[in-house]
Amino acid sequence: MTYPPPSGGWQDPLAAGPQSSPPAVPNQPGPADPYAPVADPYAPGADPYAGAKSPYPPPGGEQYAAPMPGYPGAGAYPPPGAYPGYAMPAARTNTLAIVALVLSLVGFASCITAPIGAIMGHVARKQIRETGEQGEGMALAAVIVGWILTALLLAVIIFYIVMIVIAVGASSTSSSY
């Protein structure tokens with residue numbers, strides 16, 4: 001290391017004479033070699049965050065960085081479900097999907113609730129996409145069953161109307177005096 005002379009201060013860098021390099025600062029790296037090989041951070045097994053790690057210990061000491069006892073290689077928190085009696089909450093099922101499926105299936109007997117169940121099934125599918133709830137299969141089943149039963153109901157109604165028209169037309173032609 002080069003320190004200034006104790007009595008004379010720093011030398012003028014513009015003055016003629018031998019030049020010395022600037023004094024090194026303790027705990028600072030020196031000038032980097034521009035031709036030194038650089039490690040590939042994307043190589044298999046390389047840590048891309050190796051240069052970003054903090055030289056300081058985590059807050060609260062090293063106890064947070066050590067694995068939990070009984071969980072080799074785990075972090076500071078135990079895996080989900082590790083404590084008996086504390087289960088992870090189950091994902092919610094969309095209530096509208098359940099109601100839509102019930103209404104579509106009741107459409108077998110009542111014939112009027114099937115289209116209501118199909119429409120509610122469409123609304124439930126939209127809600128499920130937005131919220132991430134469970135019940136996509138129930139909502140899809142409600143849509144399919146509801147529209148099939150609605151189509152069958154319309155086919156039966158059209159069949160009865162055609163039969164009534166044929167019967168009225170046949171009775172008016174045969175009853176002439």
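Put simply, the side chain of Ile166 reaches to within 4.5 Å of the side chain of Val162, judged on heavy atoms. In this structure, the side chains of Trp147 and Ile119 come closer than 4.5 Å at one or more pairs of heavy atoms.
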Exercise for the section: Take Leu153 and Leu149 through the side-chain contact (heavy atoms from CB on, under 4.5 Å) test and state the conclusion after the steps. Expected result: CA-CA 6 Å; Leu153 176 65; Leu149 288 178; over 6 Å; no

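The residue from Asn94, Thr93, Val123 that alone fulfils the side-chain contact (heavy atoms from CB on, under 4.5 Å) condition with Ile128 is Asn94.
Ala97 and Gly135 make their closest contact through CB-O, 3.6 Å (heavy atoms, listed as atom of the first residue, atom of the second, distance). Considering every non-hydrogen atom in both Gly117 and Ala142, the closest pair reads O-CB, 4.0 Å. Nearest heavy atoms, Val143 versus Ala118: CG2-O, 3.7 Å. Scanning all heavy atoms of the two residues, the minimum distance from Gly121 to Ala139 falls at O-CB, 3.8 Å. Annotation for Thr113 and Val106: closest pair OG1-C, 3.5 Å, computed over non-hydrogen atoms.
Residues Val99 and Ile116 share a hydrophobic cluster, clusters being chains of Ile/Leu/Val/Met/Phe/Trp/Tyr side chains in contact below 4.5 Å. Under the 4.5 Å side-chain heavy-atom criterion for Ile, Leu, Val, Met, Phe, Trp and Tyr, Met163 and Ile158 are members of the same hydrophobic cluster. Both Leu96 and Leu103 are assigned to one and the same hydrophobic cluster, defined by single-linkage of ILVMFWY side chains at heavy-atom distances under 4.5 Å. Under a hydrophobic-cluster definition in which Ile, Leu, Val, Met, Phe, Trp and Tyr are linked whenever side-chain heavy atoms come within less than 4.5 Å, directly or via other members, Phe108 and Ile98 are assigned to the same cluster.
Applying the salt bridge (charged side-chain N to carboxylate O under 4.0 Å, His left out) definition to pairs two or more places apart or across chains, those involving residues 102-130 are Arg125-Glu136. Judged as a salt bridge (charged side-chain N to carboxylate O under 4.0 Å, His left out), the pairs with a partner in residues 89-110 (not counting sequence neighbours) are, in order, Arg92-Glu133. Sorted by first and then second residue, the salt bridge (charged side-chain N to carboxylate O under 4.0 Å, His left out) pairs with a member in residues 139-158 form an empty list; sequence neighbours excluded.
Put simply, CD on Gln127 and CE on Met120 are 9.0 Å apart, with the number rounded to the nearest 0.5 Å. Here Leu140 contributes atom CG and Leu101 contributes atom CG; the two are 10.5 Å apart, rounded to the nearest 0.5 Å. Taking CD1 of Ile112 as the start and OG1 of Thr150 as the end, the distance is 8.5 Å to the nearest 0.5 Å.
Under a cut-off of 6.0 angstrom, the local environment of CG in Leu154 is crowded, with over 12 non-hydrogen atoms contributed by other residues, nucleotides or ligands.
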